[in-house]
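What follows is a short report on a single structure.
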Amino acid sequence: MNMPARFPKPWSQTGTQPKIAIIGAGMSGIAAVVKLRRAGYTDLTVFEKADKVGGTWRENTYPGLSCDVPSRWYSFSFNLKHDWKHRYSYGPEIQEYMEETADAFGVTDIVRFNTPVTDLTYVGPHWQLTTGDGEQMIFDVVISATGVLHRPAYPDIEGLDAFAGDMFHTARWDHSVALEGKRVGIIGTGSTSAQVVGAITDKVGEMHVFQRTPQWMAPLPQKRYSESWKRVLKTFPFLQKLGFHWYFQLMLRTFAAATVGNKPMQRLLSWLCLRNLEKNVPDPELRRKLTPDYQAACKRLIFCSDFYPAISRDNAFLVTESIERVTPAGVQTADGKVHELDVLVLATGFDPGAFILPTRVIGEDGRDLAEFWDGAPRAHRAVALPGFPNFWLLEGPTGPVGNLSLITITEHQVDYVIAMLDKMKADGLAAVAPREQAFAEYNAGMREAVKKTVWVTGGCTSWYMDKTGTPNLYPYEPARYLHDMLHPSFAEYRLMTDVQVPTPLESAA
Ligand code: NAP
């Protein structure tokens, strides 16, 4: 019979380093390693399913890939870069930056590449981690740094598999397929599609864009930085910091304010987008088809200056009839027309409910994370979960995402985790987890507040919505979230000095 057993003393009571597992070597994983080390936590192992760091910037390689958050802000605070080539960086440069940062800060060395984590089981106060090849290890703390949008969503369209040409999702771009002169179709008109269409329309034979819902699109004031400006920034590093904070505040006060209820800012955004449309799409019929009937910023606002000129070209066709089925020859729409294609690109987005799933995560008393979330992921302050002690999420559900620098958000979340670890160390705690009641109250407040945001009042649906139709986003000013990350309330947590488990664990593998 298994008798409750007391554990050997936890790390916080013996003065040893906690063994910390970080899952994912994208920008969150990199930020976690650098900041944890600086805070004195050095026993770190990163698990990465792929063979390189970079996360979303490694995975997405589609033509036109770029970041619509300004480069000066979309940077690690501990590794500002004086020589960004553009105001808005293209994917390859960001991926290079991720790899350079990981190398320069000693992250790459501690990553176990090609090692997916399949199972995490809490055997209090430790976590048992299982990798894809069945290896098991024990950790004191687990940090999920898997990102949000990493599982491509494939549309449920009749006949999709029967298409005779080349077909791929934007996140799995097949670079062996030449596009020059081809008849290319793209399903979807989100941020990704806008960048792809903007980049390839002048190279392909025909560009057919299948639009289900028109999007609000603001111009992207792209700019190439001069060599002399890069030299100035190198000479005066404080200007790099100034640039970081300038864009940080600009985005918080304009776009972010508009989404959480600032009406004048919302009107300004709509005006900016409509003006962009009028200026760049001369054909009134095309303009009509591209005009949304819901509020700006209800879906994630697109910043792109290349899409409208591209879709206005003679070889571009905006198809607004709904898709009936895919045939071997192309896409058939509701009017019976078959749009014949050589290549079909699926710009249909991602599963927004994935986060750390499909890793199986089992917490206290056998609580299964997939069941706990049940298609509507929630977390306490986007970083912690009741029933899952010593486990934190970076970029977890209900955090401020959208048109913000996720690097800044993630860095603040790492600071929060560090404050928790410091508390454990100072008080000799074996385990910490948010109280069920604190979690419930926090999320009840969010549910009320979110009703007033443009994501709900704006009259659209988007990937922000979970299975219950509730936006999975932070409904207040992001500045409030960042402040809360720097000032954690320990009263919201169960602070456990002693944890009893049914069976003692074998010593760490
Ligand atoms: P998305 O915003 O979810 O857009 C998916 C598109 O596919 C939508 O236009 C959607 O139409 C359409 N769609 C989905 N299923 C369909 C179906 N069965 N039939 C017809 N159309 C269908 O995906 P995304 O463009 O890949 O962007 C996802 C997120 O990635 C963005 O919101 C952003 O957070 C991030 N991203 C960021 C950047 C950046 O520059 N920072 C760039 C790209 C992506 P409906 O609108 O009608 O649903």
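We're numbering straight along the sequence, starting at 1. Atoms within a ligand are numbered from 1 in the order they appear, just like the ligands themselves.
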Can you name the one residue among M485, Q413, M446 that meets side chain to side chain contact (heavy atoms under 4.5 Å, CB included) with R381?
M485

Has the side chain of W373 got a donor or acceptor atom that lies under 3.5 Å from a matching backbone atom of D368?
no

Give one line per pair: atom of ligand 1, protein atom, distance. Only N/O to N/O under 3.5 Å.
residue, atom, partner, partner atom, Å
ligand 1, 7 (O), A347, O, 3.2
ligand 1, 9 (O), T189, N, 2.8
ligand 1, 25 (O), S191, N, 3.1
ligand 1, 25 (O), T192, N, 3.0
ligand 1, 25 (O), T192, OG1, 3.3
ligand 1, 26 (O), T192, OG1, 2.7
ligand 1, 32 (O), W463, NE1, 2.7
ligand 1, 34 (O), R300, NE, 3.1
ligand 1, 40 (O), S66, O, 3.1
ligand 1, 40 (O), D68, N, 2.9
ligand 1, 40 (O), D68, OD1, 3.3
ligand 1, 40 (O), Q195, NE2, 3.3
ligand 1, 41 (N), D68, OD1, 3.0
ligand 1, 41 (N), R300, NH2, 3.3
ligand 1, 46 (O), K299, NZ, 2.7
ligand 1, 47 (O), R212, NE, 2.9
ligand 1, 47 (O), T213, OG1, 2.4
ligand 1, 48 (O), R212, NH2, 3.0

Specify the closest pair of heavy atoms between K299 and Y294, including all atoms of both residues, with the distance to one decimal.
CD-OH, 3.4 Å

Distance-minimising heavy-atom pair for E93 and K81:
OE2-CE, 3.5 Å

Can you confirm whether or not the ring centre of Y88 sits under 6.0 Å from the ring centre of Y74?
no

Short side-chain to backbone donor-acceptor contact, T359 and V117, under 3.5 Å
yes

